[in-house]
Amino acid sequence: MPGPAQSVRHKLLNTFFSRHSVWFLCIIIAVSLAWFRFYHAPHYIYYFISDTLLNTLLLISTLLSLVGLYDIVQNKHSILKNYPIMGHFRFIFEDFRPEIRQYFIESDQDALPFSRMQRSLVYQRAKNENADKPFGSIIDVYQEDYRFITHSLTPCKPADPELFRITIGNEQCRQPYSASIFNISAMSFGSLSANAIRALNKGAQSGNFYHDTGEGSISPYHLENGGDIVWELGSGYFGCRTLDGKFDPEKFAQQAVLPQIKMIEIKLSQGAKPGHGGILPKDKISEEISQIRGVSRDQDCISPAQHSAFSTPVEMMHFIQQLRDLSGGKPVGFKLCIGQPWQFMSIVKAMLQTKIIPDFIVVDGSEGGTGAAPVELINHVGTPLREGLLFVHNTLVGAGLRGRIRIGASGKLVSAFDIASTMAIGADWVNSARGFMFAVGCIQAQSCHTNQCPVGVATQDKERQKALHVPTKADRVYHYHRNTLHALSELIAAAGLQHPEDIKAHHLAQRVNDREIKNYAQLHFWLKPGELLNCENKDDENFYFRMWNMSNVEYF
C-alpha cells in the first residue's frame with residue numbers, strides 16, 4: 001500500500017492541470033512574450049534578454065502551444081490527448097531505445113542478436129587489430145551448455161590457413177570446385193547495396209573464397225571484381241525466369257557457364273523465414289533491381305514459398321541434373337533449413353532411387369538470416385543449426401551417401417570456435433552472412449528493411465551508399481577471413497590437429513549440468529554407415545528409423 005505522501009504526489013501528478021501543465025506553461029509564456037513584444041515592452045527587459053532571443057522564445061512557445069492544441073484535438077494517440085506535448089517524449093525515447101540499449105545498457109555478452117563481444121571480435125579482425133584479451137575469460141564456464149574444444153597434451157604446429165580448403169563435386173560433376181572452408185553466405189543485391197556487394201566480392205577475390213549471390217540473382221556488382229561466385233537459385237528464379245516467373249533454361253545457361261560462377265545452389269528454404277519465401281520491401285526496389293530481377297517496383301518482391309520447377313523429390317533430383325548439364329557440369333546442390341524431418345529423408349530416398357546425387361547440401365539454422373521476415377517466423381519456425389546439421393549428417397551416413405555429398409552450414413557463425421564446433425558435428429565448411437556484414441561496417445542498427453541503413457550496407461539510397469568506401473571495406477573483408485582462419489589454425493593445433501576436416505565429435509565437449517561434462521560423441525546419437533537402408537522392420541522407437549519409414553519419394 002502506498003503511503004499518504006505517495007498518494008498525494010500520485011494525485012497531484014495525475015490531475016487535469018498537472019497532465020496539461022507543460023501545454024499551459026507554453027501558452028502562458030507565448031501570451032506573455034507576445035504582450036511584451038507588441039503591446040508593452042519595458043525598456044529594462046532588454047538588460048536581461050536580447051530582441052533576437054525574445055523573438056526565438058516567442059516562436060518556440062507559440063509552436064509548442066499549437067502542438068499541444070493539436071494533441072488535444074486528435075484522436076489517434078491516447079497518450080498525447082492525456083499528456084499534450086509531454087507525450088511526445090515517450091515516442092522520442094522509444095525511437096532511440098535500441099541505440100540507448102546497444103551503447104549504454106547491454107552487457108558484452110547480451111546476444112541481441114549478436115553480442116558486443118562477438119561484434120568487437122569481427123571489427124578487430126577486420127581492421128587487422130590485435131584481438132587478444134587479458135585477465136581471463138568473462139564467460140561463466142560453469143553455466144549449462146558451455147562448450148569447449150578438448151586440447152591435446154601433444155599439440156602440433158599451426159597449419160597454413162591457406163590450405164584450409166575442400167573439394168566440392170562428386171563423380172557426377174565435371175568441374176569440381178576447391179572451396180575455402182569459410183565463405184560469404186547468401187545475401188542478395190537489393191537487400192545489400194551495390195557498394196556492399198562490390199566490397200564483399202573484392203574481399204572474396206583477394207582471399208580466394210566464395211561469395212554467395214543470395215536469391216536476388218547475379219548483378220553486375222557481383223562480377224565487377226572477379227571473386228568466385230555461388231549462384232543461389234530461389235523459387236523466384238531471378239535472373240533466369242520467364243515473364244510469368246517460371247524457370248527459363250536458356251537464360252540460366254547463358255549465365256551459369258560464366259567462369260566466375262563456381263557452383264549452383266537451389267534454395268529450398270532459409271533460416272530467417274523457412275517455408276515463407278524471400279522478401280524485398282518495395283522501398284528498396286530501384287529501377288536497376290527491377291531490371292536485374294524482372295519484377296515490378298509497385299509492390300514488395302516476394303518469392304513463392306515453393307518451387308514451380310519441381311513438386312516431388314524425384315522431380316527435384318531431375319532438376320538438379322538439368323542444372324548440372326546446363327552449367328557445363330558444375331557442382332549443384334541445395335540449401336534448406338530443416339523442418340519436417342521425413343521430407344528431407346524423402347529427398348535422400350529420391351537420390352537413391354534416381355542415382356542422381358547432389359554435390360553438396362547447405363544446412364541453414366533458424367538462428368540465421370539477414371533479411372526481413374515476420375517476427376513469428378524468425379522466432380518460432382525452423383530447426384536450429386546444431387540439430388539440423390546433425391540430422392542431415394546422420395541421415396546421409398545412414399543412407400550410405402555421406403562420402404559423396406559435402407555439407408555446408410550457416411547460422412550465426414562468426415568466430416574460429418564457431419567454425420570448429422560446427423565442423424565437429426558434421427559440416428565440411430561454413431558460411432557467414434552477418435559476420436561479413438560487420439566486416440564491411442554494419443553496426444547492427446537493425447534498420448535493414450527500412451532502406452535507411454546508417455552505414456550504407458543494407459540500403460539502395462545512393463547518398464547513404466557513398467559512406468561505404470569499397471577498397472577500404474574490401475580489405476576488411478579479406479582481413480576478417482584471413483585472421484579468423486589463422487585463429488582456427490591455432491585453435492585446432494591445440495587439439496593436435498592440422499586441418500579442420502580432422503575435427504571430430506569427441507573434440508567438442510559441453511557442460512550438461514553443474515556436475516557433468518560430455519563430449520559430442522557421447523552426447524548425441526550417431527547412425528552407422530548404411531544403417532537406414534535396412535530399417536523397415538527395426539525399432540520404431542528409434543527417431544531416424546521412424547522418420548525414414550514415413551518418407552516417400554513421390555511427395556515431400
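Excluded from the calculations below are hydrogen atoms, water molecules and symmetry mates; all remaining heavy atoms, backbone and side chain alike, are included.
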**Study point:** Parallel, tilted or perpendicular, as decided by the 30° and 60° cut-offs, for the rings of His307 and Phe319
**Key:** tilted
Review point. For the ring pair (Phe, Tyr, Trp, His ring centres under 6.0 Å) test, which of Tyr480, Trp429, Tyr210 pairs with Phe182?
Key: Tyr480
Check your understanding: Do Glu288 and Gln291 have a side chain donor and acceptor closer than 3.5 Å?
Key -> no
Review point. Mind checking what makes ring pair (Phe, Tyr, Trp, His ring centres under 6.0 Å) contact with Tyr555, not counting sequence neighbours?
Key: none
Side chains of residues 322-334: which donor-acceptor pairs under 3.5 Å do they make with residues two or more places apart or in other chains?
unit_1	atom_1	unit_2	atom_2	d
Arg324	NE	Asp359	OD2	3.4
Arg324	NH1	Gln172	OE1	2.9
Arg324	NH1	Gln321	OE1	3.2
Arg324	NH2	Ile357	O	2.6
Arg324	NH2	Asp359	OD2	3.0
Asp325	OD1	Gln321	NE2	3.0
Ser327	OG	Leu323	O	2.9
Ser327	OG	Arg324	O	3.1
Ser327	OG	Lys330	N	3.4
Lys330	NZ	Ala256	O	2.8
Lys330	NZ	Leu258	O	2.7
Lys330	NZ	Ile261	O	2.6

Exercise for review: Please lay out, stage by stage, how Phe438 and Phe114 fare under the test ring pair (Phe, Tyr, Trp, His ring centres under 6.0 Å).
Suggested key: CA-CA 10 Å; Phe438 292 142; Phe114 282 83; 5.3 Å; yes
Check your understanding: For the residue pair Ala196 and Val457, what are the closest heavy atoms and their distance?
Key -> CB-O, 3.6 Å
**Study point:** Side chains of Ser185 and Asp212, donor plus acceptor under 3.5 Å
**Key:** no
Practice item. May I ask you to check whether Ser180 and Arg165 show a side-chain donor-acceptor distance below 3.5 Å? Key: no
Listing, residues 245-253 side-chain donor-acceptor contacts under 3.5 Å, not counting sequence neighbours, or none:
unit_1	atom_1	unit_2	atom_2	d
Asp248	OD1	Glu250	N	3.0
Asp248	OD1	Lys251	N	3.3
Lys251	NZ	Arg241	O	3.0

Check your understanding: Given Tyr520, which of His507, Gln510, His506, Lys504 fulfils the side chain to side chain donor-acceptor pair (under 3.5 Å) condition?
Key -> Gln510
Revision key, fill the gap. Sorted by chain and residue number, the ring pair (Phe, Tyr, Trp, His ring centres under 6.0 Å) partners of His499 (sequence neighbours excluded) come out as Phe164
**Study point:** Inter- and intrachain pairs under side-chain hydrogen bond (donor to acceptor under 3.5 Å, both in side chains), touching residues 521-533, at least two apart
**Key:** none
**Study point:** Pairs where residues 378-406 contributes a residue and the test salt bridge (charged side-chain N to carboxylate O under 4.0 Å, His left out) is met, not counting sequence neighbours
**Key:** Glu171-Arg404, Arg402-Asp428, Arg406-Asp428
Practice item. Indicate whether the side chain of Tyr221 and that of Asn201 have a donor and an acceptor atom separated by less than 3.5 Å. Key: no
Exercise for review: Can you measure from SG (Cys442) to CD (Gln444) and round to the nearest 0.5 angstrom?
Suggested key: 6.5 Å
Check your understanding: Side chain of Ser193, backbone of Gln460: donor and acceptor closer than 3.5 Å?
Key -> no
**Study point:** Ser219-His222 side chain donor-acceptor pair, cut-off 3.5 Å
**Key:** yes
**Study point:** Distance, nearest 0.5 Å, that separates NZ of Lys267 from NZ of Lys335
**Key:** 6.5 Å
